[in-house]
Structures are given as structure tokens and as C-alpha cells.
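One-based numbering along the sequence shown. No hydrogens, no waters, no symmetry mates; every other heavy atom, side chains included, goes into these values.
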Amino acid sequence: MEKQHLIDIAAKKKKAAVVFKDVAVIDVYSRETIRTDVAIDAGYIVAIGDGYDGEVEYHDPTWTLAPSFIDSHVHIESSMVPPHEFAKAVLPLGVTTVIADPHEIANVNGALGIEYMLADAKGLPLDVRMMLPSCVPATPFEHAGAKLYAEDLAPFLGDAGVHGLGEVMDYPSVEAGSEDMLQKIAQTEQAGKVVDGHASGLGPDQLNVYRSAGIMTDHECTTAEEAIERVRRGFYVQIREGSVARNVEKVSLAVTESNAHRFLFCTDDKHLDDLVAEGGIDYNIRTAIKQGVKPETAYAIASLHAAEAYGLKEVGAIAPGKKANFVILSDVESVKIEQVYVNGTLVAEKGNATFESEGIEVPKPMKGELALPELTAESFRLAASEEEIDVIQVLPNSLLTKRQRLTFQPDASGADLSQDIATLAVIERHHGTGHMALAPVTGFGLKRGALAATVAHDSHNLVVAGVSPEDMLLAARTLEKVGGGVVAVSEGEVLAVLPLEIGGLMTKRPYREVAEILEQLNDALDVVGAHRHFNPYLTMSFLALPVIPDLKLTDMGLFDVTTFSFINA
């Protein structure tokens with residue numbers, strides 16, 4: 001479409017294809033709501049103002065138009081479906097752009113996993129901007145399915161679907177000046193792309209190191225004080241609300257009208273059942289407004305600020321020259337979305353996608369096969385302790401854990417229910433190394449049975465939590481049989497299982513079917529007696545992540561994240 005055509009429409013010499021007449025519009029530049037006409041043509045906002053005519057005109061005084069939302073940091077794999085199905089889930093929630101890090105599938109399948117995610121995302125109405133995984137494996141303290149060095153990532157930097165380098169979580173490598181890590185950052189910057197961060201538990205001096213290295217974001221803030229500390233050093237703070245890490249209530253208290261431009265919203269890791277039940281970025285907006293953030297500012301955080309942070313010049317606002325990516329709201333504060341448009345085309349209405357997408361064929365090497373060692377029930381039995389030992393304490397709705405010192409006195413079944421101590425196991429599943437480690441964990445509330453998953457950030461080995469060695473064995477063998485997934489068992493019975501045949505992380509099943517199976521898994525929590533005020537499955541999956549304090553368990557042993565060393569090594 002010639003630019004002159006758009007100019008003529010803006011000058012009122014021609015009719016626009018579509019005009020929304022006399023509607024309320026959230027102006028994210030001035031952070032106010034105005035009433036105006038919005039003229040759209042050729043997929044772009046051509047003009048706002050009074051007196052515009054369209055070939056098609058809409059007029060509903062109850063409508064408010066807002067720019068559609070940008071999820072500034074998400075692992076699509078955590079939804080357990082690939083991009084083509086993920087799009088059907090999040091577009092009805094108003095999200096039309098995602099900054100996605102395929103870190104999870106890359107830890108399982110390496111470069112092939114990145115190639116798959118890029119290919120599956122092409123041609124969707126959802127704009128998927130991939131960030132190359134910076135830390136595969138995340139640390140040298142675990143065994144992942146692959147290793148990606150700077151030279152492995154370099155060829156991807158020319159792909160139009162690649163937007164930068166994903167969350168740099170290996171702080172020791174940055175501070176030590178690791179040649180490979182600094183090369184990853186340098187080649188990304190040389191390609192004119194951005195570098196994301198992960199600054200969990202880092203103090204002021206360490207934050208200075210990250211900013212000096214060129215890292216621009218952090219999504220790990222859990223308090224307003226942490227957020228302000230980062231803003232003062234020039235970070236963009238991504239306010240996160242996932243299925244485990246729920247930080248919007250506390251972190252949004254740091255937002256003021258003066259510093260709001262440094263805040264973005266993200267979901268990071270969110271299960272489909274939570275997306276369906278409570279929403280994604282729309283949930284962040286609602287919660288921030290309840291915490292006192294001005295509504296127009298909350299919508300700006302969800303759109304314009306993320307667009308500016310990531311250099312997305314054509315999206316993020318309802319203004320001339322921007323793509324016609326917007327939502328129609330019937331209620332601003334509750335973020336009730338009636339319709340979603342991408343490039344001026346309706347893509348979702350009343351909670352349902354209006355498009356179809358089938359996705360690509362999954363490469364055979366990515367179809368889940370678990371290389372587990374020979375296991376027996378005794379493989380999952382922890383020895384009793386007369387003296388106090390280190391125990392991982394789960395913290396509800398947090399990726400953090402606490403280090404407890406307790407004795408462990410199991411009964412005949414192998415559990416210490418009096419202290420709510422279960423057994424946690426992490427088993428290497430990629431290369432058949434036989435690596436396996438056990439540790440006591442408290443806080444799940446398990447009374448019987450076991451839970452298991454091949455979703456275990458970030459190396460995605462097999463993680464099992466249980467109070468019965470026999471049920472832990474059954475859980476492991478069940479996932480081995482289906483090629484990976486999530487399972488709950490009790491007293492020799494499989495209560496529910498979600499097979500994840502794509503790398504043990506995702507499935508091509510329709511997203512609503514996946515959400516239904518996740519609900520069955522949630523119902524199984526009542527049978528095994530686990531707590532329901534947080535998500536035990538996702539919480540369990542992060543207990544193997546040795547970059548977030550205090551104690552974590554990898555396939556190599558119990559790990560103290562505060563000292564970056566194994567306990568009793």
C-alpha cells in the first residue's frame with residue numbers, strides 16, 4: 001500500500017477502510033483516556049481525531065480501545081504446547097507480541113529445539129520474538145540434554161525471528177569474564193539486538209556488573225525495594241506473574257508516574273490451566289490497578305513500555321503510524337476483553353481465537369525418550385538421620401527456597417509425615433549417565449503417593465517428589481513409558497498423567513484439552529494430600545534450578561545457591 005494513500009486518509013481526502021467512531025481510547029503516551037475516532041487502513045492506525053469516515057464504521061459508546069499487550073519475557077514451553085497452539089491461548093487474552101526464550105527446549109534438544117520453535121512460530125497472528133538461550137546448560141552443576149556455545153548461537157542472529165539473547169542467569173561467568181559468555185553478549189550487540197537478564201538474589205555491586213556487561217532487563221524482583229534498586233541502575237524491570245512466581249502485588253508498589261516507563265509486564269512460566277482460569281498479562285494489569293497503579297499507566301506498562309524497551313517501533317500504542325494491534329474492552333479495570341485485532345484483522349472474540357493453525361511436524365529426535373538408569377523402589381529411599389541434616393523448604397508461590405536443618409525419621413513407608421518431609425529425586429534423563437540424587441524436602445504437604453515431571457528447570461531431568469518409594473518408582477516408570485510429561489500416583493495407581501511427547505516438555509494436543517488434563521492433575525493433589533494454595537507441580541519443577549537461592553537439587557547433588565557449591569561434596 002502506497003504511503004500516499006495513507007496520507008490522503010489522514011488528510012480526510014479519502015475514506016479509511018474502517019473507522020471506530022467516537023470511542024474511548026487509552027492514550028499510553030499521555031496516560032489518559034480520550035474520546036475520538038480511530039481510522040484504520042492497510043493494517044495500520046492512520047489517524048485519531050474527529051470527523052473521519054470509513055467504508056465500515058463501528059460506534060459503541062461502551063467500548064474502550066487499548067493497545068494490545070506484550071509479554072516481555074515468556075517461556076512458551078511452560079504452557080506445555082508449541083507456539084501454534086500457544087497463540088490460540090494468549091491472543092484471546094489480548095497478547096499479540098511475546099518476547100520468548102526457548103531456553104527450555106534448547107536445554108533438551110539444543111539448536112534443533114530452537115529451529116523447531118522458530119519454524120512453528122512463523123506465519124502466526126501472534127508476533128513471536130525469540131531470544132537465543134544464553135545458558136545451555138544453565139550452570140555447570142547439572143547435566144542437560146545439550147550445550148550451546150557462542151559459535152552455535154551466531155548463525156541464528158541473522159534470522160528475522162530472533163530478537164536478542166535470552167536471560168543471562170550465569171552470574172559467575174559474567175563476573176569472571178568467561179570468554180564464551182562475553183562473546184555471546186558481544187555478538188548479540190554487534191547484530192543490533194538486545195540482551196535480557198536474570199538477577200535473582202544479586203546485590204547492588206553485582207547489579208552494577210550486569211549493567212556494565214550490557215544486560216538490560218530483570219524479571220526476578222520479588223519486592224518493591226529490589227525493583228527500585230534495579231531501576232536506579234538503568235534496568236527495565238519486568239513485573240512477573242507466573243504459576244509459581246507471583247510478584248505483581250508486591251513489585252507494582254514500586255511503580256510511580258515518574259518511573260513507570262522502566263517497568264514491563266511478563267508471565268515467564270505459566271501453565272495453561274492458570275492462563276485459562278486467570279489470564280496472562282491481563283491478570284498483571286488487573287492486579288497492578290488494584291495495587292494503586294493508574295489504569296492508563298498499567299496499560300502503558302503492558303504495551304508501550306515493552307515496545308520501547310525492545311525497539312518494537314510499530315506497536316505499543318493507538319497512534320498514527322502504528323500497526324492496528326489493539327483490544328476492545330467493555331471494562332477497563334477488570335480488563336474484560338471483547339475483541340482482539342492484529343494488523344486490523346479480528347483474531348479473537350469473547351475468549352476464543354478466530355483463526356486456525358496446525359503447526360509443523362515435530363522432528364523425530366525431539367520426540368521424548370527417557371534414558372533412565374535401572375531403578376527400584378530402594379533407589380528412592382532416604383536414610384534416616386539421628387543428627388540434623390539439610391532440608392529444602394518450599395516457599396509457596398515463590399521460586400526461592402529456604403535451608404532448614406532437621407532430623408529425618410521415616411516410618412516403614414519411607415516418609416517422615418510428622419515433619420512434612422518428603423523425598424525429592426532428580427534423575428538425568430538425556431544421555432543415560434545414571435546420575436541421580438536424593439534430598440529431603442518439606443512444604444508440599446504430601447500424605448501419600450508421588451508427583452513426577454520431566455519439566456524440571458532448566459536442564460529438564462526427571463524430578464520426582466513423594467512419600468512412598470514404590471509410588472515414586474511407578475511415577476518414574478509411567479513417564480518413561482509415555483516419553484515424558486507430568487504424573488500423579490498414589491498407592492500403586494496412576495491418578496492422572498499428561499504425556500508431553502515433544503522433548504518431554506510440550507504436546508501438540510489442543511490447548512483446552514491440555515488445560516483439562518492439568519485440572520485432573522490438580523484434582524489428584526487432593527488425593528495425595530498436597531497443598532492447593534500454590535502449584536506443587538511447577539514448584540517441584542523449579543527445585544532443580546541451581547541459580548535461585550537457597551537450596552536446590554540437581555542430578556549431581558544438593559546445591560547451595562548462596563555459595564554456588566554442593567553440600568557434602
Side-chain angles (χ1 to χ4, degrees), residues 43 67-79 81-91 93-106 111 113-134 148 153-168 184-185 187-198 214-219 236 238 240 264-270 280-281 284 301-317 322-323 325-326 340 342-343 347 357 359-360:
S68 57
F69 314 143
I70 299 171
D71 192 331
S72 66
H73 176 69
V74 62
H75 300 287
I76 292 175
E77 304 96 308
S78 290
S79 71
V81 292
H84 77 271
E85 200 64 31
F86 179 74
K88 298 174 189 175
V90 299
L91 279 164
L93 303 176
V95 173
T96 59
T97 301
V98 295
I99 310 298
D101 183 351
H103 176 91
E104 316 305 342
I105 196 65
I114 301 174
E115 291 168 0
Y116 169 74
M117 296 294 279
L118 283 166
D120 196 70
K122 290 190 187 306
L124 296 174
L126 178 69
D127 185 7
V128 180
R129 304 294 180 110
M130 293 290 183
M131 304 292 279
L132 296 176
S134 63
L148 290 175
L153 299 181
F156 288 104
L157 287 168
D159 191 300
V162 171
H163 204 72
L165 187 67
E167 54 178 314
V168 176
K184 288 175 181 175
I185 294 172
Q187 68 189 22
T188 303
E189 292 176 332
Q190 289 163 10
K193 303 188 177 185
V194 297
V195 181
D196 270 341
H198 171 117
I215 294 166
M216 73 166 201
T217 66
D218 180 41
H219 58 271
Y236 284 101
Q238 296 151 314
R240 173 179 58 188
L264 325 174
F265 283 136
C266 77
T267 58
D268 195 6
D269 296 282
K270 201 157 193 178
I281 298 301
N284 296 35
I301 293 171
S303 55
L304 179 65
H305 300 175
E308 291 181 337
Y310 286 93
L312 304 174
K313 295 182 180 180
E314 290 194 316
V315 298
K322 298 290 187 182
K323 287 184 177 180
N325 293 2
F326 60 94
V340 183
V342 172
N343 298 333
V347 296
S357 56
I360 66 168

Any donor-acceptor N/O pair, H75 side chain to D101 backbone, under 3.5 Å: yes
Stepwise side chain to side chain contact (heavy atoms under 4.5 Å, CB included) test for T96 and D127: CA-CA 6 Å; T96 59; D127 185 7; over 6 Å; no
Heavy-atom donor-acceptor pair, S72 side chain to F265 backbone, under 3.5 Å: yes
Nearest-0.5 Å distance, CG of residue D269 to OG of residue S79: 10.0 Å
Working for side chain to side chain contact (heavy atoms under 4.5 Å, CB included), residues V90 and D71: CA-CA 10 Å; V90 299; D71 192 331; over 6 Å; no
Qualifying residues under ring-ring contact (aromatic ring centres under 6.0 Å, His included), relative to Y236, sequence neighbours excluded: none
CZ on R129 to CG on L312, rounded to 0.5 Å: 5.0 Å
Any side-chain heavy-atom pair of P133 and I114 under 4.5 Å: yes
S134 backbone acceptor or donor facing K184 side chain under 3.5 Å: yes
Contact check, side chains of L132 and T188, non-hydrogen atoms, under 4.5 Å: no
Check: D196 and I99 side chains under 4.5 Å, non-hydrogen atoms: yes
Spatial distance of atom CD (Q238) from atom NE2 (H305) [nearest 0.5 Å]: 14.0 Å
Parallel, tilted or perpendicular, as decided by the 30° and 60° cut-offs, for the rings of Y310 and H163: tilted
Results of salt bridge (Lys or Arg N to Asp or Glu O under 4.0 Å) for K313 - residues two or more places apart only: none
Residue pair D120 / H84, side-chain donor-acceptor N/O under 3.5 Å: yes
Minimal non-hydrogen separation, V347 against P125, with atom names: CG1-CB, 3.8 Å
Verdict with reasoning, S68 to N325, per side chain to side chain donor-acceptor pair (under 3.5 Å): CA-CA 6 Å; S68 57; N325 293 2; 4.6 Å; no
Passing candidate, side chain to side chain contact (heavy atoms under 4.5 Å, CB included) with M131, options L165, V162, V194: V194
From CE (M117) to CD1 (I76), nearest 0.5 Å: 4.5 Å
Side chains of H103 and E167, donor plus acceptor under 3.5 Å: no
Euclidean distance, E189 CD relative to L157 CG, rounded to 0.5 Å: 11.5 Å
Donor-acceptor contact present, side-chain K88 to main-chain S357, <3.5 Å: yes
Candidate list V98, L124, V128, L91, test side chain to side chain contact (heavy atoms under 4.5 Å, CB included), partner F86, passing option: V98
Distance-minimising heavy-atom pair for M130 and P102: SD-CD, 3.9 Å
Residue pair Y116 / P82, side-chain heavy-atom distance below 4.5 Å: yes
A302 backbone acceptor or donor facing N284 side chain under 3.5 Å: no
Nearest heavy atoms of E85 and V81, plus distance in Å: CB-CB, 3.8 Å
